[in-house]
Enquirer: 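Structure below; questions to follow.
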Amino acid sequence: MTHPELIPGLAGIPAAESSISFINGLEGLLSYRGIRIEELSAQSHYEEVCWLLWNGELPTQAQLDQFKLRLRPHRELNADLKKFVRGLPQSGHPMEALQASMATLGMVSPGVDLKSADSRLDACERVLGAMGTLIASCERHRQGLDLVEPDPELSVAANFLYCLNGERPDEIKTRVLDCALVLHAEHTMNASTFACRVVASTETSPYTAVSAAVGSLFGPLHGGANERVLRQLESIGGKENVEAWVDKKMAAKEKIMGFGHRVYKTKDPRAHDLQKLAGQLFETHGSTPLYDTALELERIVTDRLGDRGIYPNVDFFSGIVYQKLGIPTDVFTPIFALSRTAGWLAHWMEQMEDNKLFRPGQIYTGRKDVHYVPMAQR
Ligand SMILES: CC(C)(COP(=O)(O)OP(=O)(O)OC[C@H]1O[C@@H](n2cnc3c(N)ncnc32)[C@H](O)[C@@H]1OP(=O)(O)O)[C@@H](O)C(=O)NCCC(=O)NCCS
């Protein structure tokens, strides 16, 4: 039996004071620095949202231009890092490659003076700048393709698609990915953000803290859901099979991927915007049987489970959208990492401003007063 003082998973226990983001699950509200996500996804873009998360305010045009200029050179991977990426095994998952290469980025970057605000910011910009190129380069290496040099003129979203596919994306593709990056950039104290803050609290660099956060995001209980949504849609086998498939799932009391959320008990506010953009993307670039299946699944599941607070979450649409953008299924979680880097780094900075080493307690359940038994007597 669980000890009465133990809260498994620290569920609901505040781990920090934070002014970065806020969620009200009952009202379906998410805000970054007080601004609702719907306003940001409709009017802002990823780089501006990064600035907002890091600085607490929207930038002026001059501040934003300067920020974008400073990120540009960091997109390019240095020669040692490229050599490292080209030497990675082609087996394994892209998140493993990302975790390893993020730690390596720290090895080829200037040391961070944690007492200097400029040095801290410089390190964060290096992490954010390199993230997209790193993910795309690891993936191209895995596919046996040459790496694509980043284009400094492009936005984070467009440059990522360019480095991944070797083609400059059109406006709607860029807009859709940019919106997905905005929607996933920050989400309060989840497992990967907590991991980032715990590592930060030992006074280590953002390279190590973000690499730990990437490891934490990799698990299927956290970042891996959109990958599973896509596999589920493929397994349904067409729009006409949806109703019977849902009946079978419900009869077996099995969960339907992409629906429900631990915090949101109404439609995930991020799902609205992504659904709208998905509609535009499929209208411009042609629908697919998978998208038609998804729309039918959304209709039937919302009809059957909506009154129990089970609605599509952001992952329901992101997988379908990423596939349409030409992104391989197991690169979906790395895109989540690309986006969430903004939030992780905001938390790294916040932790550094008023740091206290994390050192939780435990409830000991082992034996006491046991004596060592020499090998010959065991
Ligand atoms: C995200 C999730 C873990 C949140 O769960 P939660 O709020 O803790 O709710 P629970 O898992 O305790 O489920 C509560 C009830 O709703 C049902 N339910 C929750 N999500 C469901 C889903 N996706 N499909 C069908 N039923 C679901 C459960 O079966 C349970 O029913 P019961 O009370 O009859 O046993 C859960 O909704 C889920 O597993 N969803 C699918 C995976 C997914 O899309 N994850 C991405 C999250 S961003």
Side-chain angles (χ1 to χ4, degrees), residues 2 7-13 21 23-30 37 41 95 179-195 213 216-236 241-275 278 290 293-323 329-330 332-340 343-344:
T2 311
I7 310 288
L10 298 179
I13 303 290
S21 64
I23 300 176
N24 180 329
L26 290 177
E27 289 176 18
L29 184 154
L30 167 65
I37 193 67
S41 66
M95 284 296 275
C179 177
L181 296 183
V182 167
L183 296 174
H184 289 89
E186 163 63 9
H187 212 234
T188 72
M189 194 62 69
N190 45 65
S192 60
T193 299
F194 184 48
S216 161
L217 186 71
F218 182 21
L221 294 188
H222 191 0
N226 55 14
E227 224 179 293
R228 291 191 292 160
V229 170
L230 206 76
R231 299 199 198 287
Q232 167 185 275
L233 288 174
E234 283 162 352
S235 79
I236 294 175
N241 299 339
V242 172
E243 190 150 17
W245 183 90
V246 171
D247 285 341
K248 216 168 125 195
K249 278 273 184 193
M250 287 185 67
K253 293 198 171 301
E254 280 174 14
K255 287 205 178 143
I256 301 165
M257 291 296 122
F259 291 84
H261 197 279
R262 179 59 51 87
V263 182
Y264 298 119
K265 297 303 166 202
T266 173
K267 193 165 174 178
D268 180 339
R270 302 163 301 169
H272 286 289
D273 300 281
L274 211 53
Q275 183 173 18
L290 217 58
T293 306
L295 291 181
E296 183 67 356
L297 186 61
E298 194 219 350
R299 190 183 68 76
I300 292 179
V301 176
T302 306
D303 188 46
R304 307 249 173 109
L305 296 175
D307 58 354
R308 292 175 56 193
I310 300 167
Y311 291 95
N313 55 51
V314 70
D315 290 315
F316 183 67
F317 294 102
S318 61
I320 314 163
V321 160
Y322 295 158
Q323 193 200 42
T329 310
D330 51 11
F332 293 177
T333 314
I335 295 181
F336 190 165
L338 167 62
S339 164
R340 189 54 58 82
W344 290 332

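Predicted model only: the values in this text are computed from it and were never measured. Atoms within each ligand, like the ligands themselves, are counted from 1 in listed order.
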Enquirer: With heavy-atom distances below 4.0 Å as the criterion, list the atoms of ligand 1 near A225.
Expert: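 Ligand 1 atoms under the 4.0 Å threshold to A225: 45 (N), 46 (C).
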Enquirer: Just heavy atoms, cut-off under 4.0 Å: does I310 contact ligand 1 by side chain, backbone, both, or neither?
Expert: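 The answer is the side chain.
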Enquirer: Can you name the atoms of ligand 1, numbered from 1 with element, that are less than 4.0 Å from a heavy atom of G258?
Expert: 43 (C), 44 (O)
Enquirer: At what distance is the nearest protein heavy atom to atom 42 (C) of ligand 1, and which residue and atom is it?
Expert: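 Protein heavy atom with the smallest distance to atom 42 (C) of ligand 1: M257 SD, 3.6 Å.
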Enquirer: Kindly indicate whether atom 12 (O) of ligand 1 is approached by any protein heavy atom to under 4.0 angstrom.
Expert: no
Enquirer: Note the single closest protein heavy atom to atom 41 (C) of ligand 1, along with its residue, its atom name and the distance in Å.
Expert: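 For atom 41 (C) of ligand 1, the nearest protein heavy atom is F259 O, 3.5 Å.
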Enquirer: Suppose I only count heavy atoms of D315 and a 4.0 Å limit; which atoms of ligand 1 are within that range?
Expert: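 It comes down to these atoms of ligand 1: 46 (C), 48 (S).
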Enquirer: Just need the protein heavy atom nearest to atom 47 (C) of ligand 1, so name the residue and atom and give the distance.
Expert: N313 ND2, 3.7 Å
Enquirer: Kindly write out the residues that satisfy salt bridge (Lys or Arg N to Asp or Glu O under 4.0 Å) with K249, not counting sequence neighbours, or none if the list is empty.
Expert: E254
Enquirer: Does R308 have a heavy atom less than 4.0 Å from any atom of ligand 1?
Expert: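 A heavy atom of R308 does come that close to ligand 1.
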Enquirer: Could you check whether R304 pairs with E243 (Lys NZ or Arg NE/NH1/NH2 to Asp/Glu carboxylate O, under 4.0 Å)?
Expert: yes
Enquirer: Counting only heavy atoms, which portion of K265 has something under 4.0 Å from ligand 1: side chain, backbone, both, or neither?
Expert: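 Side chain only.
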Enquirer: Closer than 4.0 angstrom, basic N to acidic O: yes or no for R231 and E234?
Expert: no
Enquirer: Decide whether an N or O pair under 3.5 Å exists between K255 and ligand 1.
Expert: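 By distance alone, the answer is yes.
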Enquirer: Do the ring planes of F336 and H222 sit parallel (below 30°), tilted (30 to 60°) or perpendicular (above 60°)?
Expert: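 Ring orientation, 0 to 90° scale: perpendicular.
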Enquirer: Please answer whether the main-chain N or O of I236 pairs with a side-chain N or O of N241 as donor and acceptor at a distance below 3.5 Å.
Expert: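 Yes, because the side chain of N241 sits within donor-acceptor range (under 3.5 Å) of the backbone of I236.
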Enquirer: For residues F332 and H184, establish whether the separation of their ring centroids is below 6.0 Å.
Expert: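 No, ring centres 6.0 Å or more apart.
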Enquirer: Could you give me the CA-CA distance, side-chain angles and deciding distance for L230 and L290, then say whether side-chain contact (heavy atoms from CB on, under 4.5 Å) is met?
Expert: CA-CA 8 Å; L230 206 76; L290 217 58; 3.8 Å; yes
Enquirer: Does atom 17 (C) of ligand 1 have a protein heavy-atom neighbour under 4.0 Å away?
Expert: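 Yes, at least one protein heavy atom sits under 4.0 Å from atom 17 (C) of ligand 1.
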Enquirer: Between D330 and E227, does a side-chain contact (heavy atoms from CB on, under 4.5 Å) hold up when you go through it step by step?
Expert: CA-CA 7 Å; D330 51 11; E227 224 179 293; 4.0 Å; yes
Enquirer: Once you restrict to heavy atoms under 4.0 Å, what part of H261 touches ligand 1? Side chain, backbone, both or neither.
Expert: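 Answer for H261: both.
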Enquirer: Output yes when the distance from some N or O of ligand 1 to some N or O of I256 is under 3.5 Å, and no in every other case.
Expert: yes
Enquirer: In terms of ring plane angle, is the pair Y264 and H187 parallel, tilted or perpendicular, where the classes change at 30° and 60°?
Expert: tilted
Enquirer: Roughly how far apart are T293 OG1 and L233 CG, rounded to 0.5 Å?
Expert: 6.5 Å
Enquirer: Considering residues at least two apart in sequence or located in another chain, which fulfil the side chain to side chain contact (heavy atoms under 4.5 Å, CB included) criterion with R308?
Expert: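 By the side chain to side chain contact (heavy atoms under 4.5 Å, CB included) rule, R308 matches L305, I310.
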Enquirer: So which heavy atom in the protein is nearest atom 6 (P) of ligand 1, and how far is it from that ligand atom?
Expert: R262 NE, 3.8 Å
Enquirer: Under 4.0 Å and counting heavy atoms only, is there anything from the protein next to atom 35 (O) of ligand 1?
Expert: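 No, because not a single protein heavy atom sits under 4.0 Å from atom 35 (O) of ligand 1.
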Enquirer: Just heavy atoms, cut-off under 4.0 Å: does L305 contact ligand 1 by side chain, backbone, both, or neither?
Expert: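 Side chain only; the backbone of L305 stays clear of ligand 1.
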Enquirer: Yes or no, since that's all I need: does a protein heavy atom fall within a distance strictly under 4.0 Å of atom 31 (O) of ligand 1?
Expert: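 Given the 4.0 Å cut-off, atom 31 (O) of ligand 1 counts as touching protein heavy atoms.
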